[in-house]
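One structure is given below, encoded as structure tokens.
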Amino acid sequence: MSFFSALRQKATFIDKISESFGTTITRDEKFKLEYKLPPGENIQDDTNADVSFVSIYDSNNKRKQSIINGKHSAQEKVAYVFSGRLYMTPHFLVFKDSFDSKSCEIIVNISTIKKVERSPSTTYAFALVVTLYSGSQVIIQFVGLRYRSEQFCEQLKDNLRKNIPRAKELAGFLSTCYSEFIINKNVLKITDIHPPKAGLGQSFKYPGTIDVIKEKKKLKLWFDYFKLNGENLAIMKTPLFYKLVRIGLPNRMRGELWDLCSGGMYLRHANEGVYQMIMKENEGKTSQAIEEIEKDLKRSLPEYSAYQTEEGIQRLRNVLTAYSWKNPDVGYCQAMNIVCAGLLIYLTEEQAFWCLCNICDIYAPGYYSKTMYGTLLDQKVFESFVEEKLPVLWDFIVKRDIQLSIVSLPWFLSLFYTSMPLEYAIRIMDLFFMYGAKALFQVALAVLKINADDILHADDDGMFIAIIKNYFHTLDQSVHPDSPDIKYRQITKFQELLVTAFKEFSVITDSTIIQERNKYKKDIFQNIEIFVKKTQLRHLPKVFHLTDDNLSNIYDIFYQSIETHKISMGTGSSNMTFEVFVQFMTKLCEWAKPINENDNPEFNKQRDTFLRILFHNWDSAKLHELTLNDIVSGLDKLVTPDLLEAINYIFSLYDSDNDGELQREEVLQLSEGLLLLTEPWKSGRLIDILTKRSLEDDIAERIAQEKLQQNADEQKIELPTNYEVDEDKYKNEQSERYLHAASNFLQRSFEYATTLDVADEINLIDLSDYEEEETEESQEKKEKRAVSLKANAALDPTRPKVLDLANFRMIILADETYELFFAKTLRSSITVDKKFGSNNDRGKALRGMFDGIIADGRRVAEQVRRRVDSVATRSTVNSIESPENPALDSTTITSSKYDDIDDFTNEGQEEEAEDAFADDGENDSLLKNPWVYDELDDQEGSSGSQNGPQKRPVSMIVPNQKTDLIEFDTGL
């Protein structure tokens with residue numbers, strides 16, 4: 001039967017494991033939450049057992065000699081025996097009865113265990129007697145298989161051995177507990193002892209009017225309870241324990257019992273000295289949280305006299321500051337100062353610190369967070385309870401459009417401290433630490449039920465608030481002041497409130513609260529995320545090149561990359577480290593995506609180097625982390641459509657000292673950066689406009705030739721659907737073009753760099769020694785040698801050179817590929833407009849490009865017509881053999897070479913240019929471009945300037961009146 005009982009208990013336990021605030025908790029987590037145990041106290045073993053607690057003290061405050069001697073008399077009655085489940089963690093033994101889970105609950109820290117021995121009892125086959133530090137005993141009688149009991153005992157022995165260092169420090173910890181003090185003073189008759197340090201109430205008195213006689217009676221009840229059932233770290237909770245809490249705690253015991261019930265005592269014992277260490281390590285540091293704390297210190301329970309003094313303010317400052325350093329995700333939040341101020345009336349700084357930790361983590365998760373998601377969720381849960389339990393009142397609230405959360409939000413957020421008089425709010429805290437969050441819901445529902453008749457006559461929110469406020473201020477008044485029965489006249493409104501809360505609303509349980517939270521959490525979290533996103537987007541820095549859709553997409557990818565940050569909960573850092581930044585950029589930029597090490601082992605190294613330069617440039621606060629504002633500002637500069645602005649920005653990334661000049665090493669780094677940025681096009685993963693135009697020209701040429709051969713009608717041009725693209729050809733051409741551009745850039749950078757020491761410069765071209773030794777060497781070889789020596793001299797550290805911004809611009813603009821790259825290609829590689837996770841298959845770039853050309857065949861068709869006309873014109877010209885009509889030489893420029901210029905010099909008018917090109921002819925299209933290249937200067941060995949391709953105004957290029965409009969004289 002015991003086996004099935006154990007199975008039932010386990011099944012019930014597992015059934016209660018559910019989601020809380022969106023997180024599925026495990027059995028161990030549920031266990032720690034239920035008993036308020038510190039992190040790491042996972043279940044190591046559990047077994048069925050019958051347990052009894054035997055106190056060393058009798059009713060006359062004397063120690064039982066039978067227990068001291070280890071022998072029980074025949075007439076002596078042993079304590080009750082409870083059947084249930086015994087759990088063991090690394091530092092605790094926990095027992096819960098199987099009857100109703102409330103008859104007996106024993107929590108023993110193994111530091112308090114003095115001795116463990118086998119019981120001589122013959123009733124059970126296997127039993128242990130655990131002797132505690134006080135002399136009281138816990139008798140464990142195992143129920144089940146013998147080998148399982150032996151395993152449990154072996155694990156317990158191992159834990160006791162490991163815990164010896166902590167057990168030696170037990171005496172110092174117990175000296176902070178008031179229960180130890182009253183036991184030592186009244187039972188052991190130790191006179192040379194002093195009460196432990198307590199909260200501010202010990203010096204500034206406790207809130208409310210204190211009835212000394214009632215206080216002594218309550219204290220005597222707790223004294224008797226501790227004698228019979230243990231105290232602090234080794235206590236047995238019975239129904240009497242809960243009853244004593246409900247009738248009200250004595251002020252001197254309230255601090256320890258809050259510490260015990262909240263689990264703060266267990267945290268404090270497991271982390272002795274940590275609070276002091278936090279304060280010491282962060283002494284003198286400042287943060288945004290500390291600034292907010294300073295603003296609220298003097299607004300924390302100003303009605304309590306201690307917070308009008310420096311001592312009270314300093315204690316509150318210390319606890320809030322220490323918590324902000326311990327939990328930087330939360331830091332400091334609204335109303336936390338109110339709750340902490342209430343704790344410090346009864347608790348020391350260290351006790352209040354650990355108690356506050358458990359309030360934020362266990363009792364009210366999400367209440368004190370950046371988004372206050374816990375409070376908002378529980379407001380929705382509370383409204384659902386009002387609708388279900390008080391339907392008439394709810395219908396009235398909805399009909400009058402009364403905002404219930406305006407009234408109820410402060411109740412939950414400040415735990416009734418700012419709503420009720422302090423002496424009654426403290427009583428609510430007694431119940432809150434005992435029963436958890438359900439106490440807040442039960443009390444809040446009781447407030448509405450008691451005042452329902454008056455609320456139903458309210459006209460608006462103002463009257464509603466006034467009714468509740470007046471009720472809270474009269475909690476000390478009698479419910480039946482005119483009753484002839486004195487007992488009825490003594491019943492106060494606060495007593496009525498507690499009876500209503502825990503009698504009529506006892507159906508509100510932890511499981512029902514979790515169920516309602518699960519029902520609304522998705523909508524609440526979604527609303528929070530939408531609100532946070534709108535707020536952040538509204539406060540982003542001003543941008544010039546990113547649209548609202550771009551910013552929205554960047555926001556989504558930014559927070560998707562930071563997996564540890566939960567927007568709805570406000571947990572985790574919202575700043576981006578370099579490692580996360582790398583992953584973020586791979587989602588946006590083609591050139592930031594890693595490639596196989598075997599294909600290009602140096603690429604990933606160059607990528608990380610460039611991204612680190614970008615990371616430090618965007619890090620405005622120099623904290624080695626990027627905010628969303630940093631990312632947006634940086635991307636806005638990177639996607640600029642302005643050609644010169646893009647060139648200037650890349651230059652500035654390598655100008656570390658901001659002097660407008662690049663040193664030799666910086667130029668080399670810049671050249672490596674350009675190689676990285678152009679890698680997707682150099683490797684053929686992406687296709688630029690020039691390659692696209694080349695492909696279009698080839699298609700048009702092929703179709704034109706076919707039309708001429710077939711003498712087909714020009715007006716009926718049909719584009720092919722099965723055209724085979726020679727990908728290798730176009731990839732190789734594009735790769736060679738980018739490699740050539742990179743080589744030219746490095747050569748020209750040092751060629752046109754400024755020598756810092758001009759006086760010592762040597763003419764490396766005119767070297768007479770070489771001419772004398774090798775007189776037979778050809779002039780071509782001499783020129784090549786001179787160029788090589790000149791380049792090598794530029795790398796000579798004894799002859800430093802610098803590259804300024806003006807020369808850098810000239811070098812970029814002198815190369816068609818790099819000019820196009822800075823004008824359009826770079827910007828197109830940063831997909832700020834594409835949602836993360838969408839299909840972005842670039843593997844078949846040329847095939848996809850060809851499909852696009854076929855789909856939009858108007859431009860190709862126009863090119864075909866022009867090609868047909870051009871071929872026919874060339875045939876006519878070549879057939880005429882006369883001096884008046886000479887053949888065109890190689891210097892003649894045709895517009896076909898410049899069909900692409902509008903695409904990267906005037907991106908916004910690309911389509912207009914294409915239309916004009918198609919409708920008005922090549923001549924007009926060419927004249928619309930402010931600059932064209934001189935074809936002769938691009939040729940190697942030309943006698944023109946060595947500065948590379950030169951730009952000439954169109955006004956210098958005059959159409960030849962004797963030729964066709966498609967031909968132009970270069971003017972040279």
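In this text the structure is predicted, and so the values were computed from the model without any measurement.
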task: Say whether Asp378 and Tyr367, considering side chains only, have a donor N or O and an acceptor N or O under 3.5 Å apart.
output: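 Distance-only check passes for Asp378 and Tyr367.
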
Any idea which heavy atoms bring [X] and [Y] closest together, and the distance?
X      : Y      : value
Leu128 : Leu156 : CD1-CD2, 4.4 Å
Ile338 : Ser414 : CG2-CB, 4.2 Å
Arg148 : Asp46  : NH2-O, 3.2 Å
Ser262 : Cys355 : OG-SG, 3.5 Å
Ala437 : Arg517 : CB-NH2, 4.0 Å
Leu316 : Asn337 : CD1-O, 3.9 Å

How are the rings of [X] and [Y] set relative to one another: parallel (under 30°), tilted (30 to 60°) or perpendicular (over 60°)?
X      : Y      : answer
Phe142 : Phe126 : tilted
Phe353 : Tyr323 : perpendicular
Trp411 : Phe416 : parallel

Any donor-acceptor pair under 3.5 Å from [X] side chain to [Y] backbone:
X      : Y      : answer
Lys438 : Tyr435 : no
Asn271 : Leu267 : yes
Arg427 : Leu422 : no
Asp97  : Asp100 : yes
Glu283 : Met279 : no
Asn318 : Gln314 : yes
Asn159 : Lys162 : no
Thr112 : Tyr133 : no
Asn184 : Leu188 : no
Gln351 : Asp259 : no

For [X], does the [atom1] atom have more than 12 heavy-atom neighbours from other residues, nucleotides or ligands under 6.0 Å away?
X      : atom1 : answer
Glu310 : CD    : yes
Phe99  : CZ    : no
Arg315 : CZ    : yes
Gln155 : CD    : yes

Return the [atom1] to [atom2] distance between [X] and [Y], rounded to the nearest 0.5 Å.
X      : Y      : atom1 : atom2 : value
Tyr206 : Tyr304 : OH    : OH    : 7.5 Å
Ser300 : Ile313 : OG    : CD1   : 6.5 Å
Ser52  : Gln141 : OG    : CD    : 6.0 Å

task: Determine, step by step, whether Glu105 and Tyr35 satisfy the side-chain contact (heavy atoms from CB on, under 4.5 Å) criterion, reporting the C-alpha distance in whole Å, the side-chain angles of both residues, the deciding distance to 0.1 Å, and the verdict.
output: CA-CA 10 Å; Glu105 180 184 295; Tyr35 297 103; 3.7 Å; yes

message: Using the rule side-chain hydrogen bond (donor to acceptor under 3.5 Å, both in side chains), only one of Arg268, Lys197, Glu256 pairs with Thr176; which is it?
response: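 Going through Arg268, Lys197, Glu256 one by one, the side-chain hydrogen bond (donor to acceptor under 3.5 Å, both in side chains) with Thr176 is satisfied by Arg268 alone.
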
- prompt: Is the ring centre of Tyr225 less than 6.0 Å from the ring centre of Phe241?
  reply: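 That pair passes the under 6.0 Å test.
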
query: Hey, do the aromatic rings of Tyr332 and Trp325 have their centres closer than 6.0 Å?
result: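 They do not qualify: ring centres at least 6.0 Å apart.
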
query: Yes or no on side-chain contact (heavy atoms from CB on, under 4.5 Å) for Asn251 and Glu215, after CA distance, side-chain angles and deciding distance?
result: CA-CA 8 Å; Asn251 287 316; Glu215 282 288 304; 3.7 Å; yes

- prompt: Could you walk me through whether Phe412 and Phe441 pass the ring-ring contact (aromatic ring centres under 6.0 Å, His included) check?
  reply: CA-CA 9 Å; Phe412 288 80; Phe441 286 99; 5.1 Å; yes

query: Are Asp45 and Gln151 close enough, and set up right, to give a side-chain hydrogen bond (donor to acceptor under 3.5 Å, both in side chains), and what steps lead you there?
result: CA-CA 9 Å; Asp45 200 355; Gln151 286 180 349; over 6 Å; no

field: Trace of the side-chain contact (heavy atoms from CB on, under 4.5 Å) decision for Thr375 with Tyr368
entry: CA-CA 8 Å; Thr375 313; Tyr368 311 105; over 6 Å; no

Test log, rule salt bridge (Lys or Arg N to Asp or Glu O under 4.0 Å), inputs Glu154 and Lys157: CA-CA 5 Å; Glu154 286 298 323; Lys157 184 176 17 176; 3.6 Å; yes

- prompt: Knowing that exactly one of Met253, Glu231, Arg254 qualifies, which makes a side-chain contact (heavy atoms from CB on, under 4.5 Å) with Tyr178?
  reply: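 Answer after filtering Met253, Glu231, Arg254: Met253.
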
message: Taking the basic N atoms (NZ, or NE/NH1/NH2) and the acidic carboxylate oxygens, is any pair closer than 4.0 Å for Asp28 and Lys32?
response: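 Result for this pair is no, no salt bridge flagged.
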
message: Check this for me, if you would: do Glu272 and Arg166 make a salt bridge, where the nitrogen-to-carboxylate-oxygen distance has to be below 4.0 angstrom?
response: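 Not counted as a salt bridge, because no side-chain N and carboxylate O are separated by less than 4.0 Å.
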
- request: Might you work through the side-chain contact (heavy atoms from CB on, under 4.5 Å) test for Thr321 and Ile293, ending with a clear yes or no?
  value: CA-CA 8 Å; Thr321 301; Ile293 290 171; 4.2 Å; yes

- prompt: Which residue pairs pass the side-chain hydrogen bond (donor to acceptor under 3.5 Å, both in side chains) test with at least one member in residues 352-366, sequence neighbours excluded?
  reply: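 Passing the test, one end in residues 352-366: no pairs.
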
field: Of Tyr87, Tyr266, Phe31, the residue whose pairing with Phe92 passes ring pair (Phe, Tyr, Trp, His ring centres under 6.0 Å)
entry: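 Exactly one pass, corresponding to Tyr266.
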
task: Kindly indicate, with the supporting measurements, whether the criterion side-chain hydrogen bond (donor to acceptor under 3.5 Å, both in side chains) is fulfilled by Asn575 and Glu625.
output: CA-CA 6 Å; Asn575 293 344; Glu625 290 182 332; 3.2 Å; yes

